[in-house]
Participant: 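Handing you a structure now.
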Amino acid sequence: MNTCLERYFCPNKPVCSTGRRATFYYPGGGKYSGYWLCNKHQGWGVKTTAKRTSEYFAGKKEPDGQIVYEGHWVMNKREGIGSMLRKRGPQMQLIYAGSWFDDMKCGEGKQFYTDGCVYFGKWLRNRRHGLGIQWYIDGSIYVGEWETDYRHGLGVMFYVNGNRYEGHFARGYKNGEGVFYHMHTGQIQKGMWENDNVKASVMQDEPTIRCSDAVTPYPIPRNYLKYPNEIMRELFQRYKVFDDKPHRRFNDKVSLNFIHHYRQYASFEERFATPTIVDLYPNAKFACTCDCEKIARNETNISQI
């Protein structure tokens with residue numbers, strides 16, 4: 001009643017909504033149920049996005065349900081403990097549950113991906129950053145350090161066939177010094193790696209780690225080198241630089257995601273960049289966008305005259 005009288009006598013004065021509302025419906029779609037502070041989400045609340053159709057996206061993609069967030073808010077931003085879910089009709093699928101800060105995933109949380117992978121660990125600005133563990137759809141498991149959504153640092157990779165790798169990672173690949181355990185053959189491989197490829201390594205038989213009692217089909221021959229330690233030290237020092245891969249910046253990841261997202265909407269005509277009207281790159285995904293075709297055609301017409 002006081003609010004109505006205030007609006008009647010002071011119609012130009014903005015009303016400050018504070019407290020709890022059962023449900024607030026947005027003009028563009030979506031709704032929010034929870035607590036407010038000065039017309040902003042504050043405290044516990046549940047927000048649901050609007051229902052979209054393919055016409056909203058100009059027919060370029062199909063909407064994949066509605067997004068529902070239930071958790072804590074601070075001045076219209078998700079901050080604290082909260083969960084993000086995907087609503088498809090009566091079904092609800094959990095996407096992320098954990099900590100938020102400044103409307104982004106930050107802290108400890110668990111993410112469920114659409115391809116079946118699951119990650120639990122540290123987050124920073126919506127990216128996996130810190131210590132974490134990820135279960136992959138093929139059965140592999142990675143435990144270790146992450147940086148800007150990539151495996152970067154020390155970690156252990158458990159493969160579905162029983163093998164495992166312990167060592168350094170950089171930008172998502174095995175880089176630097178590491179040890180690979182071949183469990184089926186009973187052999188240990190110590191070496192230097194670059195982008196998942198071993199550059200220099202030493203293999204040794206270790207029957208105690210062999211999964212089966214059968215004799216390994218790949219026995220290691222006897223070493224007849226005169227100075228094996230010096231040779232291996234030189235090789236390892238040569239590829240030691242692979243351990244110091246540069247870090248992936250947050251802005252680089254944002255730019256790459258923007259490019260990959262809008263690449264599907266780009267449409268280019270086929271162009272030729274030679275006077276002979278021969279396409280030099282028939283299998284190229286991107287065509288030339290400059291005026292080289294026009295110049296080439298003009299030069300060809302002049303030469304024919």
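Values in this document were obtained by computation on a predicted structure and should not be read as measured data. Numbering of residues begins at 1 and proceeds along the displayed sequence.
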Participant: From Glu177 CD over to Met192 CE, what is the distance, rounded to the nearest 0.5 angstrom?
Facilitator: 6.0 Å

Participant: Keeping Ser33 on the side-chain end and Ala22 on the backbone end, is there a donor-acceptor pair under 3.5 Å?
Facilitator: yes

Participant: Side chains of Ile133 and Val143: closer than 4.5 Å at any heavy-atom pair?
Facilitator: yes

Participant: Quick check: are there more than 12 heavy atoms from other residues, nucleotides or ligands sitting under 6.0 Å from OH of Tyr173?
Facilitator: no

Participant: Out of curiosity, does Trp73 fall in the hydrophobic cluster containing Ile95 (side-chain heavy atoms, cut-off under 4.5 Å, transitive links)?
Facilitator: yes

Participant: Can a donor-acceptor pair be found, under 3.5 Å and without considering hydrogens, that links the side chain of Asp149 to the backbone of Arg127?
Facilitator: no

Participant: CH2 of Trp193 to CZ of Phe180: how many Å apart, nearest 0.5 Å?
Facilitator: 6.0 Å

Participant: Would you name the heavy atoms of Glu79 and Asp102 that are closest together and state the gap between them?
Facilitator: OE1-N, 3.6 Å

Participant: Under 4.5 Å between any side-chain heavy atoms of Lys122 and His129, yes or no?
Facilitator: no

Participant: Can you confirm whether or not the ring centre of Tyr35 sits under 6.0 Å from the ring centre of His41?
Facilitator: no

Participant: Check whether Thr48 reaches the backbone of Gly30 with its side chain - one donor and one acceptor, N or O, closer than 3.5 Å.
Facilitator: no

Participant: Do we get Arg164 above Phe158's six-membered ring, with its NZ or CZ under 6.0 Å from the centre and within 45° of the axis?
Facilitator: no

Participant: Under a single-linkage definition using a 4.5 Å side-chain heavy-atom cutoff for Ile, Leu, Val, Met, Phe, Trp and Tyr, are Tyr136 and Tyr96 assigned to the same hydrophobic cluster?
Facilitator: yes

Participant: Shortest non-hydrogen contact from Ser99 to Gly107?
Facilitator: CB-CA, 4.1 Å

Participant: With heavy-atom distances below 4.5 Å as the criterion, would you say the side chains of Val202 and Gln189 are in contact?
Facilitator: no

Participant: Report the distance from atom CD of Glu108 to atom NZ of Lys110, rounding to the nearest 0.5 Å.
Facilitator: 11.0 Å

Participant: Test Arg88 against Gln93 for side chain to side chain donor-acceptor pair (under 3.5 Å), laying out the working first.
Facilitator: CA-CA 8 Å; Arg88 299 189 183 95; Gln93 178 186 1; 2.7 Å; yes

Participant: Where is the tightest heavy-atom contact between Asn195 and Asn175, given as atom of each residue plus distance?
Facilitator: N-OD1, 2.9 Å

Participant: Going by heavy atoms in the side chains, are Val74 and His72 under 4.5 Å from each other?
Facilitator: no

Participant: Check whether NZ of the Lys or CZ of the Arg Lys174 lies under 6.0 Å from the centre of the six-membered ring of Tyr165 and within 45 degrees of that ring's axis.
Facilitator: yes

Participant: Between Thr18 and Leu37, is there a side-chain heavy-atom distance shorter than 4.5 Å?
Facilitator: yes

Participant: Does the structure place the NZ or CZ of Lys47 under 6.0 Å from the centre of the six-membered ring of Tyr26, at an angle of no more than 45° from the ring's axis?
Facilitator: yes

Participant: Taking Asn76 for the side chain and Lys40 for the main chain, is one N or O donor matched with an acceptor at less than 3.5 Å?
Facilitator: no

Participant: Think Arg21 forms a cation-pi with Trp36, using NZ or CZ under 6.0 Å from the six-ring centre and within 45 degrees of its axis?
Facilitator: yes

Participant: When hydrophobic residues are tied together by side-chain contacts of less than 4.5 Å, even through go-betweens, does Leu94 share a cluster with Val118?
Facilitator: yes

Participant: Hey, could you give me the NE2/CG distance between His182 and Asn161, rounded to the nearest 0.5 Å?
Facilitator: 10.0 Å

Participant: Of the non-hydrogen atoms in Ile81 and Trp44, which two are nearest, and what is the gap between them?
Facilitator: O-CZ3, 4.3 Å

Participant: Can you tell me how far apart CD (Gln66) and CG (Leu85) are? Round to the nearest 0.5 Å.
Facilitator: 12.0 Å

Participant: Answer yes or no: is there a side-chain heavy-atom contact under 4.5 Å between Phe169 and His152?
Facilitator: no

Participant: If I compare all heavy atoms of Cys117 with all of Gln134, which pair ends up nearest, and what's the gap?
Facilitator: CB-NE2, 3.8 Å

Participant: Quick one: are Met92 and Arg86 in side-chain contact, heavy atoms under 4.5 Å?
Facilitator: no

Participant: Linking I/L/V/M/F/W/Y whenever any side-chain heavy atoms sit under 4.5 Å apart, do Ile67 and Trp100 land together?
Facilitator: yes

Participant: Quick one: CZ on Arg78 to CE on Met104, what's the gap to the nearest 0.5 Å?
Facilitator: 10.0 Å

Participant: Tell me, with the steps shown, if Gln111 and Lys105 meet side chain to side chain donor-acceptor pair (under 3.5 Å).
Facilitator: CA-CA 10 Å; Gln111 172 89 17; Lys105 304 170 190 174; 2.7 Å; yes

Participant: Over all heavy atoms of both residues, which pair between Gln42 and Met75 is shortest? Give the atoms and the distance, please.
Facilitator: OE1-N, 2.9 Å

Participant: Begin from the C-alpha positions of Lys31 and Phe24 and carry the test side-chain contact (heavy atoms from CB on, under 4.5 Å) through to its verdict.
Facilitator: CA-CA 5 Å; Lys31 59 184 178 179; Phe24 176 82; over 6 Å; no

Participant: Going by heavy atoms in the side chains, are Arg128 and Arg151 under 4.5 Å from each other?
Facilitator: no

Participant: With no hydrogens and no angle check, is any side-chain donor or acceptor of Glu145 less than 3.5 Å from a backbone partner on Gly130?
Facilitator: no

Participant: Do Leu124 and Phe101 sit in one hydrophobic cluster, given that two such residues count as connected whenever their side-chain heavy atoms are within less than 4.5 Å of each other, even indirectly?
Facilitator: no

Participant: Have a look at Tyr119 and tell me which of Trp146, Tyr113, Trp135 forms a ring pair (Phe, Tyr, Trp, His ring centres under 6.0 Å) with it.
Facilitator: Trp146

